[in-house]
Amino acid sequence: MARRYDTNDATDRITGLREAASAVRRGELVVLPTDTVYGIGADAFVPEAVGDLLEAKGRGRNMPTPVVIPSPNTLHGLVTDFSELAWELVDAFWPGGLTLVAKHQPSLQWDLGETGGTVAVRMPLHPVAIELLTEVGPLALSSANLTGHPSPETCDAAQEMLGDSVSVYLDGGPTPGNIPSSIVDVTGPVPVLLRAGALSADELRKVVPDLEVAN
């Protein structure tokens, strides 16, 4: 039976974050608010949990799960060949609506799907998300919807779709909006905008003038 906690209530927030952290450590799924939409998360380093996440969404391994982290410093243990331009993007736009696709450390024991040796990583601008990430470390996190359905801006919408496949729901009220993060590929010498979202190409070019836009 899924448990739900109101993170706008001080007591419920403490209990909910504790229960969510415990659930993640047991390899279970949690739903949490972010600065874009509600996300469904699992321990990024437990392949079975990530598999359960994909199954809960009805999503195939050909659509690997992004990873969210509590701090830019976490990147040092996750990615390799991270350029100076990539760090400039991090400095300018994290936490916030920018996802970076980077080469992950080959030694990492994780299975996020068919990634081709890369990981899509972001630091969300939401206090509940950051508190949980600080406690448990990197989470595989995808929008908390069934594949093909709208991304949820409320905990109710997420719970209606995902039900008891999730152990703990953290209800932070409506999210600021459903504009997805912008995705920039930093695996090559020049960053490439794969998807415009919360940040436009013009905004990104203020930091990286040579940014290219994928066709």
Quiz item: Are Leu78 and Leu89 grouped together when hydrophobic residues (ILVMFWY) are joined by side-chain heavy atoms under 4.5 angstrom apart?
Solution: yes
Quiz prompt | Exercise: identify the closest heavy-atom pair between Ala2 and Asp164 | solution = N-OD1, 3.2 Å
Self-check item: Distance-minimising heavy-atom pair for Glu131 and Leu17
Solution: OE1-CD1, 3.1 Å
Quiz item: Are a donor atom and an acceptor atom from the side chains of Ser200 and Asp202 found within less than 3.5 Å of each other?
Solution: no
Quiz item: Could you state the interatomic distance from CG (Leu98) to CG (Leu125), rounded to the nearest 0.5 Å?
Solution: 12.5 Å
Quiz item: Is a side-chain N or O of Thr7 found less than 3.5 angstrom from the main chain of Asp171, in a donor-acceptor match?
Solution: yes
Quiz item: Is there a donor in the side chain of Asn145 and an acceptor in the side chain of Ser143, or the other way round, less than 3.5 Å apart?
Solution: yes
Practice problem: Compare every heavy atom of Val67 with every heavy atom of Pro138, then report the nearest pair and how far apart it is. | Solution: CB-CG1, 3.8 Å
Quiz item: Applying the 4.5 Å side-chain criterion to the ILVMFWY set and letting contacts propagate, would Leu133 and Val128 be lumped into a single cluster?
Solution: yes
Quiz item: Honestly curious: do Leu85 and Met123 fall in one hydrophobic cluster under the side-chain, below-4.5 Å linking rule?
Solution: yes
Quiz prompt | Exam field: side chain Thr15 to backbone Asp12, donor-acceptor pair closer than 3.5 Å | solution = no
Quiz prompt | Leu108 CG: over 12 foreign heavy atoms closer than 6.0 Å | solution = yes
Practice problem: Would you check if Thr115 and His104 make a side-chain contact, meaning some heavy-atom pair closer than 4.5 Å? | Solution: yes
Exercise. May I ask you to decide whether Glu135 forms a salt bridge with Arg18, counting only side-chain N to carboxylate O separations under 4.0 Å?
Key: no
Self-check item: Any side-chain heavy-atom pair of Thr187 and Thr118 under 4.5 Å
Solution: yes
Self-check item: Within one Ile-Leu-Val-Met-Phe-Trp-Tyr cluster: Val136 and Tyr169, side-chain cutoff 4.5 Å
Solution: no
Quiz prompt | Residue that, paired with Pro124, satisfies side chain to side chain contact (heavy atoms under 4.5 Å, CB included) out of Asp35, Thr99, Ile69 | solution = Asp35
Quiz prompt | Joint hydrophobic cluster, Leu170 plus Leu29, side-chain heavy atoms closer than 4.5 Å | solution = no
Quiz prompt | Sidechain N-carboxylate O distance under 4.0 Å for Asp156, Arg4 | solution = yes
Practice problem: Verify the neighbour count for atom CD of Glu55: are there more than 12 heavy atoms of other residues, nucleotides or ligands below 6.0 Å? | Solution: no
Quiz item: Would you find a donor on one side and an acceptor on the other, under 3.5 Å apart, between the side chain of Gln109 and the backbone of Ser107?
Solution: yes
Practice problem: Kindly assign one of parallel, tilted or perpendicular to the pair Trp87 and Phe82, based on the angle between their ring planes and the thresholds 30° and 60°. | Solution: perpendicular
Quiz item: Hey, are the side chains of Leu211 and Val184 touching, using non-hydrogen atoms and a 4.5 Å cut-off?
Solution: yes
Practice problem: Supply the atom-to-atom distance Leu141 CG to Ile40 CD1, rounded to the nearest 0.5 angstrom. | Solution: 8.5 Å
Quiz item: Is there a donor-acceptor contact under 3.5 Å from the side chain of Tyr38 to the main chain of Gly172?
Solution: yes
Quiz item: How far apart are the closest heavy atoms of Trp94 and Leu75, and which atoms are they?
Solution: CZ3-CD1, 3.6 Å
Self-check item: Test side chain to side chain contact (heavy atoms under 4.5 Å, CB included) applied to Val121 and Val68, step by step
Solution: CA-CA 6 Å; Val121 64; Val68 289; over 6 Å; no
Practice problem: Carefully, step by step, assess Asp111 and Arg61 under the rule salt bridge (Lys or Arg N to Asp or Glu O under 4.0 Å). | Solution: CA-CA 10 Å; Asp111 182 3; Arg61 286 177 50 79; 3.0 Å; yes
Self-check item: Worked check of side chain to side chain contact (heavy atoms under 4.5 Å, CB included) between Val119 and Val101
Solution: CA-CA 5 Å; Val119 60; Val101 176; over 6 Å; no
Self-check item: Nearest non-hydrogen partners of Ala23 and Val30, listed with the distance
Solution: CB-CG1, 3.9 Å
Quiz item: Taking C-beta and beyond as the side chain, do Pro66 and Arg122 meet within less than 4.5 Å on heavy atoms?
Solution: no
Exercise. Would you check if Tyr5 and Arg13 make a side-chain contact, meaning some heavy-atom pair closer than 4.5 Å?
Key: no
Quiz prompt | Between Arg59 and Ser142, a side-chain donor and acceptor under 3.5 Å | solution = yes
Practice problem: To the nearest 0.5 Å, tell me how far Lys57 NZ sits from Leu53 CG. | Solution: 7.5 Å
Quiz item: Can you tell me how far CD of Glu48 sits from CD of Glu28, rounded to the nearest 0.5 angstrom?
Solution: 13.0 Å
Quiz item: Do the side chains of Lys103 and Asp81 get nearer than 4.5 Å, heavy atoms only?
Solution: yes
Self-check item: Which atom of Val186 lies closest to which atom of Pro191, heavy atoms considered
Solution: CG1-CB, 4.3 Å
Practice problem: To the nearest 0.5 Å, tell me how far Leu100 CG sits from Ser83 OG. | Solution: 9.0 Å
Quiz item: How far does CG of Leu193 sit from CG of Leu199, to the nearest 0.5 angstrom?
Solution: 9.0 Å
Quiz item: Just by modelled atom types, is the Pro174 backbone N or O under 3.5 Å from a matching donor or acceptor in the Glu153 side chain?
Solution: no
